[in-house]
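Below you'll find the structure, written out as structure tokens, and then a few comments.
Naming convention: chains lettered A, B, ... in sequence-line order (proteins, then strands); numbering from 1 in each chain.
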Amino acid sequence: MQVEFRNEERLAIIQPPPTLNAAVIDQIREDWFFWLQNTKAVRNVILDMRQVAFMDSSGLGLLVAFLRRVVTRGGDLKIVGLQPGVRVVFEITRAYKIFEIFDTVDEAAQSIS
Amino acid sequence: MKAVIHCGGRPALATMLGEDAWPLLPVGNRPLLEYWFELCAGLGIQEVRLVLGNGAEFIEAYAGNGERWGLRLSYSFLKDEYHPDCFLQRDPEQWRDGLLYVRRPSFPRRLDDRQAWKDFATPAHAASDANGLICRFRAGPVSAADAGRAAADDRPFEELGLSIVPLDDVATYYDLNMKLVAGEITRYIQPGYLARDGSCIGYNVVLPPSAQLLPPLLIGNDSRIGPLAAVGPCVVLGSHVVADRQCTLDHCVVLDGTYIGAGVEVRGKIAAGARLLDPQTGAQVDIVDPWLMARLGRGAQVSDLGRALAEWPLAVLLVLVQALPFLLLYPLLRACGGHFHHRPVHGRRGRRFDFPEWQPPAAAGGGMNFLFLLLGLDCLPRFLMAAIGRVWLCGHSPLSAPGENKLLTELVHYHPGALSEADVRSATPQSGLREIEARYYARIHSIAGDMGLLLRFFGRRMIGAVTSAEDLHG
């Protein structure tokens with residue numbers, strides 16, 4: 001799990017693995033939720049999806065569950081750099097209405113601050 | 001005057017849009033081929049020959065004998081590796097009274113509402129692009145040399161009030177559909193379709209009251225829209241489309257046999273089965289979750305159900321009848337060296353298994369082997385395979401795995417059978433005969449044909465036995 005911190009560790013930028021599908025999603029869910037539970041300082045999270053080339057509905061399910069966890073503790077989740085194939089999944093499932101999607105990490109960070 | 005439409009090959013557009021042959025791609029809410037048939041009828045051409053290749057059986061099933069359009073359809077087959085013009089050059093005499101020749105995916109776009117061209121004065125028309133001739137119409141003789149190319153005296157199609165639109169990419173295809181849904185469809189509309197308020201809806205379309213239809217839109221036949229779905233504006237749905245509940249379709253083209261899942265939203269795209277294409281960029285994405293988007297299976301055909309009902313009990317009966325003599329003779333033949341060789345093959349539903357083939361004993365046991373073959377006991381393990389559902393009773397000679405994988409992918413229907421034409425053939429097969437039989441059976445098969453094959457099999461065994469016995473006495 002690749003995480004970068006900003007704003008005195010109140011903002012975390014996570015880089016998910018290149019594939020988010022049913023085969024790997026359980027492990028990722030476990031890692032992310034464990035990490036979230038053990039990093040009390042982090043309020044907001046940016047998912048830098050530039051490396052994610054493939055995502056199916058199970059990956060989307062993970063993002064929705066992760067969003068709920070982050071929002072429950074008073075933070076927000078932003079998504080950055082969707083590849084065309086992944087963007088289509090967001091479009092047809094209307095997930096773009098739930099998530100705020102940005103082109104760059106800086107734009108997303110600016111929207112939080 | 002005659003028309004020739006080359007329906008084979010796998011043009012780039014058809015490859016991008018899935019598995020359908022290009023003449024069956026929906027334009028508006030009807031297959032592209034239908035527009036050409038209507039044009040032929042309008043031009044007074046009655047004899048239309050379809051040169052088939054990929055997807056031949058679906059085109060045949062759709063077009064039939066052409067009676068619906070007042071045409072006389074005939075079919076020819078041309079292998080994909082041959083150039084379409086080969087067909088015309090074979091017998092140029094046929095085209096001495098004129099020819100309408102459609103070589104590539106293209107659409108005869110009407111520039112106005114003119115419906116009949118019987119009084120056309122110009123003798124020849126051709127439309128070309130950088131890649132050569134797309135479509136040609138010539139009222140005079142066509143020589144072998146210039147069958148596939150535009151001649152100097154060809155005239156543009158615009159004089160007939162037509163513009164031939166080559167369909168080479170998804171952007172052109174999408175634009176054409178959007179033009180039709182925006183109002184041009186009325187130039188082609190047929191009785192039975194409703195064109196009021198810009199909505200044209202085909203036959204047998206299920207629309208619940210809660211579904212929201214926003215014209216203009218075109219919906220083909222046999223489609224189903226789910227409750228609370230919002231369809232339109234500027235939507236073209238092909239035939240056999242299922243748009244599930246609460247989905248939203250907007251400025252999109254949905255190809256035949258596509259399932260759009262519950263709550264899914266498609267805007268400004270082409271949905272072809274599980275594939276989503278962006279007409280602007282040409283990008284395509286395959287959706288892996290079948291509950292979001294999927295290609296509806298062609299499903300088991302009625303003939304397959306009939307085949308299962310007719311042939312499975314017969315397979316079980318044959319196993320029961322042959323079991324006792326098999327148990328008596330096989331151990332003896334086995335002791336003499338007879339055995340079953342197992343060939344890995346492709347079975348039903350893509351499963352692989354070992355297909356048993358009888359290897360007679362080398363020298364001893366000739367009489368027993370003779371009786372074994374006479375009773376068809378060498379086929380008992382195959383009948384057993386049919387009884388447990390690994391193969392049909394009659395069908396294709398099972399294709400070897402992996403040796404015949406390429407042929408398998410080329411057959412749209414594959415019905416591996418315990419018995420096949422190979423079992424009733426007397427001579428050693430010529431090169432390529434096996435492939436020809438496989439392709440033939442993929443297109444033309446019936447329960448009656450299968451029963452005939454079964455009778456011929458046992459008949460041949462009997463005749464073979466009598467002949468062998470006469471040889472022995474002689």
Quiz item: Would a 4.5 Å heavy-atom cut-off, applied to side chains only, mark B:L292 and A:T93 as touching?
Solution: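 Heavy-atom side-chain distance check passes, below 4.5 Å.
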
For atom [atom1] of [X], decide whether the heavy atoms of other residues, nucleotides or ligands shown that lie under 6.0 angstrom number more than 12.
X      : atom1 : value
A:F34  : CZ    : no
A:Q51  : CD    : no
B:R348 : CZ    : yes
B:R245 : CZ    : no
A:R73  : CZ    : yes

Quiz item: What part of B:V264 gets closer than 4.5 Å to chain A, counting heavy atoms only: side chain, backbone, both or neither?
Solution: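 Answer is both: backbone and side chain atoms of B:V264 are under 4.5 Å from chain A.
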
Self-check item: Under 4.5 Å from a heavy atom of chain A, the part of B:T248 involved
Solution: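 Both backbone and side chain of B:T248 come within 4.5 Å of chain A.
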
Quiz item: Going through the distances and angles, do B:V285 and A:V89 end up as a side-chain contact (heavy atoms from CB on, under 4.5 Å)?
Solution: CA-CA 9 Å; B:V285 176; A:V89 177; 5.5 Å; no

Hey, could you give me the [atom1]/[atom2] distance between [X] and [Y], rounded to the nearest 0.5 Å?
X      : Y      : atom1 : atom2 : answer
A:K97  : B:E265 : NZ    : CD    : 5.0 Å
A:I92  : B:I260 : CD1   : CD1   : 8.0 Å
B:D278 : A:R87  : CG    : CZ    : 11.0 Å

Practice problem: Identify the two heavy atoms, one from B:K269 and one from A:E91, that lie closest to each other, and give their separation to 0.1 Å. | Solution: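 B:K269 and A:E91 have their closest heavy atoms at NZ-OE1, 3.1 Å.
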
Exercise. Using non-hydrogen atoms and a 4.5 Å limit, figure out which bit of A:Y96 sits close to chain B: side chain, backbone, both or neither.
Key: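 Side chain of A:Y96 only, per the 4.5 Å heavy-atom cut-off to chain B.
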
Quiz item: Any sub-3.5 Å donor-acceptor pair from B:D289's side-chain atoms to A:S57's backbone N or O?
Solution: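 At least one qualifying donor-acceptor pair exists.
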
